Chemist: 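This structure is in structure tokens; I'll ask about it shortly.
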2 protein chains.
Amino acid sequence: MATPPLREPLTQQRVVERAIEIADSDGLDAVSMRALGDALGVVPMALYKHVANKDQLLDLMVDVIVLEMRLEHPSSAAWKPAARERLLYARTAMENHPWAWRAIETREAPSPVALDHIEAMIATLRSGGLSPRLVHHVMHTLGSRLWGFAQEVFASAPPPTDPAQLEAAMAFMAQRWPHVLEVAAASSHDPNTVVGGGCDDAAEFAFAIDVILDGAEALHHAPSREWALPDSNR
Amino acid sequence: MATPPLREPLTQQRVVERAIEIADSDGLDAVSMRALGDALGVVPMALYKHVANKDQLLDLMVDVIVLEMRLEHPSSAAWKPAARERLLYARTAMENHPWAWRAIETREAPSPVALDHIEAMIATLRSGGLSPRLVHHVMHTLGSRLWGFAQEVFASAPPPTDPAQLEAAMAFMAQRWPHVLEVAAASSHDPNTVVGGGCDDAAEFAFAIDVILDGAEALHHAPSREWALPDSNR
DNA sequence: ACCTGAACACCGTTCAAGT
DNA sequence: ACCTGAACACCGTTCAAGT
């Protein structure tokens, strides 16, 4: 009588799924080959039968998230609302996996799944008649927003919770960085939490992509027609 | 007779300068406490007398680069060319230290030096009469471009050098990602290097900030005056 | 005051060995 | 076929000790 296996054999899919679970709950740094092995009840080196190395593991994790950004049929046929919907859809996937932007940023080349996403957005913009050259600039201007995130540098500084400290900090800012304070106050939805925290990421994302898409539309219709020539290399 | 010291004692400044030199020449990953100690002819643990830990070392390295972005007197008094000049100036500093965006991105809170940079840009935008709320949105839209970089996700894929491989890759792209190929071809300055590589980063940066600043100007002058109300919280 | 040595708790990964 | 154990070459950092 053969001894039955004590657990399911690993597969690449199980390895990647578990890695995503760990990243979702504990962050990307918690995904080490050793911790992932532990979570799967296996010695770390066993993982190397299913992924070539950690880099390929990250590739596969990113592909799962990018696949979640796939939008088969935008609800509008017009290029601008369709592009807008694609970008907001990508942002939803990113919101569900807050670690993913850090993984995407370290990928060196686009996978076929990523190229499918790029292709869909470019096709949408081209369907509006925007020239290849204008579309190219727009894609660069969108930058990471194509992948549903904007790198909000220095965005995560929480204000002090102690009211006395908060008041002191605000007094100091009013003296040394008065314009920063004024703009932070203007952005705050809740007037009581004036410094940081009061920022609506979704609204900022929407504002930014509207500026970019409106700008693209304006250039497309510009009287110079510089951007409208479909067959030039401009 | 006291034995003279065999080398200059370390200072925080020397530690940070050497770390920046290593990052400039070998990349940010080459800056480990151990390698930095080696480069200074000192055991790694000696560094902890001058920086609290590696995180503070990165803070200090970033501050040096952000200080290089300081522009005392823009050459125009008008807000838009002045803002444009600030952004391009920041990009120059970033170009000289290609590792710096990776370090900036991992900082959690802005240092005083970083707040000075933010303050200068906000003051420039406010000098044009843009409302605090519009300025806030514009700052978010600029995102990392305020720090002179745009995260060009998946931008660094070099095309195959072997002509046969290149032709095969292009044939495959033409079939599966036709719009990507068309747009890549339109962007290429040299028609012989059609896939990747032919992209002018400086031109893309300039295009993007012009779209954003032009968009800000249009909203500032918009007939709705939604963005022009200086004293509301909108 | 400033630097050192040994050690701890981690990494990713290779290679030969086990069942 | 699939997993394991021991080992290698790295990390950042602490702590007690040296001069």
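The chains referred to below are lettered A, B, ... by the order of the sequence lines, with proteins before strands, and numbering in each begins at 1. Bear in mind the structure is a predicted one, so any value in this text is a computation, not a measurement.
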Chemist: Measure from OH on B:Tyr48 to C1' on C:dG5 and round the result to the nearest Å.
Modeler: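 To the nearest whole Å, that distance equals 15 Å.
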
Chemist: Which part of the nucleic acid does B:Lys49 contact within heavy-atom distance under 4.0 Å: base, sugar-phosphate only, or nothing?
Modeler: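 The answer is base, as B:Lys49 lies within the cut-off (heavy atoms under 4.0 Å) of a base atom.
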
Chemist: Check whether the side chains of B:His179 and A:Glu119 place a donor and an acceptor atom closer than 3.5 Å, and report yes or no.
Modeler: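 A pair is found: one side chain offers a donor N or O, the other an acceptor, under 3.5 Å apart.
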
Chemist: Could you tell me how far apart B:Met45 (CE) and D:dT14 (P) are, to the nearest whole angstrom?
Modeler: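 Between P of D:dT14 and CE of B:Met45: 11 Å.
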
Chemist: Just how far, in rounded Å, is C1' of C:dC11 from CD1 of A:Ile22?
Modeler: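 Result: 15 Å.
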
Chemist: Nearest to the side chain of A:Ala46, heavy atoms from C-beta on, is which of C:dG12, D:dT4, C:dT4?
Modeler: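 Among the listed nucleotides, the one closest to the side chain of A:Ala46 is D:dT4.
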
Chemist: Mind calculating the distance between CG (A:Asn53) and P (C:dC11) to the nearest angstrom?
Modeler: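 To the nearest whole Å, that distance equals 17 Å.
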
Chemist: Taking pairing as Watson-Crick or G-U wobble with both contacts under 3.5 Å, can you name the mate of C:dC3, or confirm there isn't one?
Modeler: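 WC or wobble partner does not exist here.
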
Chemist: Please report the distance separating the C1' of D:dC3 from the corresponding atom of C:dC15, rounded so that it comes out in whole Å.
Modeler: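 14 Å, rounded to whole Å.
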
Chemist: I need the single residue from A:His136, A:His137, A:His140 that forms a ring-ring contact (aromatic ring centres under 6.0 Å, His included) with B:Phe207. Which is it?
Modeler: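 Only one of A:His136, A:His137, A:His140 forms a ring-ring contact (aromatic ring centres under 6.0 Å, His included) with B:Phe207, namely A:His137.
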
Chemist: Hunt down the Watson-Crick or G-U wobble partner of D:dC8, both distances under 3.5 Å, from any strand shown, or write none.
Modeler: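 Its partner is C:dG12 (Watson-Crick or G-U wobble, both distances under 3.5 Å).
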
Chemist: Considering heavy-atom distances to DNA chain C, does A:Val31 or B:Pro44 have its closest nucleotide positioned more toward the 5' end?
Modeler: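 This one resolves to B:Pro44.
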
Chemist: Rounded to whole angstrom units, what separation is found between the CZ atom of B:Arg34 and the P atom of C:dA6?
Modeler: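 Checked: the CZ to P distance equals 13 Å.
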
Chemist: Does the side chain of A:His97 come under 3.5 Å of the side chain of A:Glu68 through a donor N or O and an acceptor N or O?
Modeler: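 A donor-acceptor contact under 3.5 Å links the two side chains.
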
Chemist: Hey, is the side chain of B:His50 poking within less than 4.0 Å of OP1 or OP2 on C:dC3, counting only N and O atoms?
Modeler: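 So the side chain of B:His50 is within the cut-off, an N or O lying under 4.0 Å from OP1 or OP2 of C:dC3.
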
Chemist: What integer distance in Å separates B:Leu47:CG from C:dC2:P?
Modeler: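 In whole Å, C:dC2 P lies 14 Å from B:Leu47 CG.
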
Chemist: Determine the contact category for A:Met33: base if any of its heavy atoms lies under 4.0 Å from a base atom, sugar-phosphate if only primed atoms, P, OP1 or OP2 are that close, otherwise nothing.
Modeler: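 Since only primed, P, OP1 and OP2 atoms lie under 4.0 Å of A:Met33, the category is sugar-phosphate.
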
Chemist: Under a 4.0 Å threshold between the charged nitrogen and the carboxylate oxygen, would A:Glu21 count as salt-bridged to A:Arg18?
Modeler: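 Here A:Arg18 pairs with A:Glu21 in a salt bridge, since their nearest N and O are under 4.0 Å apart.
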
Chemist: Does one side chain, of A:Asp29 or A:Trp99, offer a donor that lies under 3.5 Å from an acceptor on the other?
Modeler: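 Judged by distance alone, the side chains do not pair up.
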
Chemist: Send over the distance from A:Leu57 CG to C:dT13 C1', rounded to a whole Å.
Modeler: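 That distance rounds to 14 Å.
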
Chemist: Using whole Å, what does the distance between atom P of nucleotide D:dC10 and atom NZ of B:Lys54 come to?
Modeler: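 That distance rounds to 15 Å.
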
